[in-house]
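Sequence positions, counted from 1, serve as the residue numbers for this chain. Bear in mind the structure is a predicted one, so any value in this text is a computation, not a measurement.
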Amino acid sequence: MVQAYILIQTEVGKASAVAESIAKIPGVIQAEDVTGPYDVIVRAEADTVDALGRLVVAKVQQVEGITRTLTCPVVHL
């Protein structure tokens, strides 16, 4: 299982709606709107890195109101 944090910037005033929409996507563990340089932080999981990439590109980035994403895979050192 591969997990990642997805840091999301949204259009002004859209953070709550974006977090709510993303929380419904299968593979998303948690989606929270936050303050700071990013508007929403998501924790997601998938079986493989490729599947995680498809989740981000095909599902998360398609949510209306998102302007930019940064995906940070979790590593176990």
Side-chain angles (χ1 to χ4, degrees):
M1 188 68 60
V2 178
Q3 293 189 348
Y5 289 96
I6 307 165
L7 311 177
I8 300 171
Q9 293 177 336
T10 69
E11 296 172 5
V12 175
K14 301 279 183 156
S16 183
V18 166
E20 194 173 300
S21 294
I22 291 174
K24 298 174 185 174
I25 296 172
V28 170
I29 299 168
Q30 190 172 17
E32 299 284 346
D33 41 325
V34 297
T35 61
Y38 294 94
D39 303 305
V40 176
I41 297 179
V42 174
R43 184 155 180 149
E45 66 181 5
D47 291 332
T48 66
V49 172
D50 289 342
L52 180 65
R54 286 190 295 274
L55 170 68
V56 173
V57 173
K59 305 279 192 207
V60 172
Q61 290 181 348
Q62 300 307 310
V63 172
E64 188 174 334
I66 292 177
T67 58
R68 181 174 295 187
T69 65
L70 174 66
T71 302
C72 303
V74 173
V75 296
H76 301 284
L77 304 174

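For the pair Ile22 and Ile66, the minimum side-chain heavy-atom distance is below 4.5 Å. A 4.5 Å side-chain heavy-atom check between Ile8 and Val63 finds every atom pair outside the cut-off.
Taking hydrophobic clusters as Ile, Leu, Val, Met, Phe, Trp and Tyr residues chained together by side-chain heavy-atom distances below 4.5 Å, Leu7 shares a cluster with Val34. By the rule that hydrophobic residues join a cluster once side-chain heavy atoms approach within less than 4.5 Å of another member, Ile41 and Val74 end up as members of one cluster.
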| task | Could you walk me through whether Val56 and Ile6 pass the side chain to side chain contact (heavy atoms under 4.5 Å, CB included) test, one step at a time? | result | CA-CA 8 Å; Val56 173; Ile6 307 165; 3.7 Å; yes
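The list of side-chain hydrogen bond (donor to acceptor under 3.5 Å, both in side chains) pairs with a residue in residues 14-34, not counting sequence neighbours, reads Gln30-Glu32. Within the structure, side-chain hydrogen bond (donor to acceptor under 3.5 Å, both in side chains) pairs that include any residue of residues 38-50 comprise Gln3-Arg43, Gln3-Glu45, Tyr5-Arg43, Thr10-Asp39 (at least two apart or interchain). Within the structure, every pair that satisfies the side-chain hydrogen bond (donor to acceptor under 3.5 Å, both in side chains) test and touches residues 68-77, not counting sequence neighbours, is listed here: Gln61-Thr69.
Of all heavy-atom pairs between Ala19 and Ala31, the closest is O-CB, 3.5 Å. Minimum heavy-atom separation, Pro73 to Ala4: CA-CB, 3.7 Å.
For Val2, the side-chain contact (heavy atoms from CB on, under 4.5 Å) partners are Val49, Leu52, not counting sequence neighbours. By the side-chain contact (heavy atoms from CB on, under 4.5 Å) test, Thr67 pairs with Gln9, Glu11, sequence neighbours left out.
Met1 forms part of no hydrophobic cluster, judged by ILVMFWY side-chain heavy-atom separations under 4.5 Å.
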